[in-house]
Amino acid sequence: MMLGYRYLGVGASWCRLGLSPDKNQVSNVFLRAYSQYPPHFVKPIYQPAQLNELIETGESKNLEFTPIKAAYTNHTSSIFHDPTVVKFTNYVMKTGRRALARELVEKTFEELKRIQLQKWNEAVSEEEKENIECNPLTIFHQAVENGRPLLMLIPIKRGGITYQVPVPITEKRSYFVSMRWFVHAGREKERTVHFPERLARELLAAAKNEGRVVKQKHDLHRQCEANRAYAHYRWS
């Protein structure tokens, strides 16, 4: 309690009265005491899509005289910025080598573009050409969506036995699991195939609901279905 009084500089009334403050109250007071901006400052909106939506709905007029926090250095309003690609690049990165991770992701997209353009040039009819997607970002997003699981298994110990209990997975976690599976699939050791080429093949296969990542998702769902008898341990 004395540590909280010394370092927080708040809660003196609690200390003098000999009371123990709530943990949430201490965290809130700590943030208010050491925040760079007052509580009435709102977060910045920097993405063009969100800005256009505010302008169309007319909500931008309500923010004309509202103080706004400064944007972070990694925030950008570029139309080429994609948060999902940035997260995927962070998952590819090892030991802080961000430049190398970006280069690998860019080479993967180049390989996707090359494969699809080759298919497009070899197509005979116009219908076949229309069905071939040449945008690597569209293929990437479709592959990540197809690789997202709906359930996950968590270990819960009851009576000295550990059960694998199926539980719903959050949206953020499902994106992480899907992209992590793609990174592991691209890192499979094969001397003749490099990381960008293998990852491009996995993304193309997953965009068609095929490949290793989609199989992992189906295997996980089958395990959750097999362990559905343990689902009640989630609440017990």
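Given the structure is predicted, the values throughout are model-derived calculations rather than measurements.
Taking 4.5 Å as the limit, some side-chain heavy atom of P67 sits within range of a side-chain heavy atom of H40. No side-chain heavy atom of L54 sits under 4.5 Å from any side-chain heavy atom of Q50. You'll find the side chain of E202 stays beyond 4.5 Å of the side chain of E210, heavy atoms only. Contact of the I156 side chain with the R158 side chain is registered, since non-hydrogen atoms from C-beta on lie closer than 4.5 Å. Residues W181 and L220 are in side-chain contact: their nearest non-hydrogen atoms beyond the backbone lie under 4.5 Å apart. In this structure, the side chains of P196 and R201 stay at 4.5 Å or more apart for every pair of heavy atoms.
One finds the CG atom of L104 at 9.0 Å from the CG atom of L199 (value rounded to the nearest 0.5 Å). Between atom CG of residue N135 and atom NE2 of residue H141 there is a gap of 8.5 Å, rounded to the nearest 0.5 Å. To the nearest 0.5 angstrom, L51 atom CG is 8.0 Å from S77 atom OG. Here E197 contributes atom CD and T108 contributes atom OG1; the two are 9.5 Å apart, rounded to the nearest 0.5 Å. One finds the SG atom of C224 at 4.0 Å from the CG atom of L153 (value rounded to the nearest 0.5 Å). For the atom pair CD1 of I139 and CG of L112, the computed distance is 5.0 Å after rounding to the nearest 0.5 Å.
Side-chain N or O atoms of Q47 include none that pairs as donor or acceptor with a backbone N or O of A49 at under 3.5 Å. With hydrogens and angles disregarded, a donor-acceptor distance shorter than 3.5 Å links the side chain of S178 to the backbone of V144. Distance alone, capped at 3.5 Å, is enough to place a donor-acceptor pair between the N227 side chain and the Q164 backbone. Within the 3.5 Å criterion, the main-chain N or O of N62 finds a donor-acceptor partner in the side chain of T66.
Sorted by first then second residue, the salt bridge (Lys or Arg N to Asp or Glu O under 4.0 Å) pairs that include residues 95-108, not counting sequence neighbours, are E103-K107.
L203 and W120 fall into different hydrophobic clusters, where Ile, Leu, Val, Met, Phe, Trp and Tyr side chains are chained together by heavy-atom contacts under 4.5 Å. Hydrophobic clustering (side-chain heavy atoms under 4.5 Å, transitive across Ile, Leu, Val, Met, Phe, Trp, Tyr) keeps M93 apart from F195. Under the 4.5 Å side-chain heavy-atom criterion for Ile, Leu, Val, Met, Phe, Trp and Tyr, F109 and F80 are members of distinct hydrophobic clusters. If you chain together hydrophobic residues whose side chains sit under 4.5 Å apart, L137 and V213 fall into the same group. Connection of L100 to V85 is established within a shared hydrophobic cluster, with ILVMFWY side chains joined at heavy-atom distances below 4.5 Å, either directly or through further cluster members.
Look at E122 and K119 and you find no salt bridge, because none of the NZ, NE, NH1 or NH2 atoms lies under 4.0 Å from a carboxylate O. Using a 4.0 Å cut-off between charged nitrogen and carboxylate oxygen, E110 and K113 do not count as a salt-bridge pair.
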Worked verdict on T84 versus M179 for side chain to side chain contact (heavy atoms under 4.5 Å, CB included): CA-CA 9 Å; T84 308; M179 289 188 279; 4.2 Å; yes
message: Could you go through I115 and E111, starting from their C-alpha distance and side-chain angles, then the distance that decides it, and tell me whether this counts as side chain to side chain contact (heavy atoms under 4.5 Å, CB included)?
response: CA-CA 6 Å; I115 295 173; E111 184 68 17; 3.8 Å; yes
task: Let me see the working for E171 and R148 under side chain to side chain contact (heavy atoms under 4.5 Å, CB included), right down to the final yes or no.
output: CA-CA 9 Å; E171 181 180 0; R148 286 177 55 196; 3.7 Å; yes
task: Begin from the C-alpha positions of C134 and L117 and carry the test side chain to side chain contact (heavy atoms under 4.5 Å, CB included) through to its verdict.
output: CA-CA 6 Å; C134 295; L117 282 179; 4.1 Å; yes
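Scanning both residues, P44 and A71, for their nearest heavy atoms gives CG-CA, 3.8 Å. Of all heavy-atom pairs between G211 and A205, the closest is CA-CB, 3.9 Å.
Paired with Y175 under the rule side chain to side chain donor-acceptor pair (under 3.5 Å), one option of E145, R180, K87 passes, and it is E145. D219 pairs in a side chain to side chain donor-acceptor pair (under 3.5 Å) with only one of the listed residues (R222, Q216, K217, H221), which is R222.
Judged as a side-chain hydrogen bond (donor to acceptor under 3.5 Å, both in side chains), and not counting sequence neighbours, the contacts of R212 are E188.
A perpendicular orientation is assigned to the rings of F176 and Y91, their planes being inclined by more than 60° (bins at 30° and 60°). Ring geometry for Y37 versus F41: interplanar angle of 30 to 60°, hence tilted. Classified by interplanar angle (parallel below 30°, tilted 30° to 60°, perpendicular above 60°), the ring pair Y230/Y163 is tilted.
Heavy atoms of other residues, nucleotides or ligands lying less than 6.0 angstrom from NE2 of H75 number more than 12. Counting non-hydrogen atoms of neighbouring residues, nucleotides and ligands closer than 6.0 angstrom, the NZ atom of K129 exceeds 12 such neighbours.
In this structure, F88 has its ring center at least 6.0 angstrom away from the ring center of F182.
There is a side-chain donor-acceptor pair under 3.5 Å between Q142 and N146.
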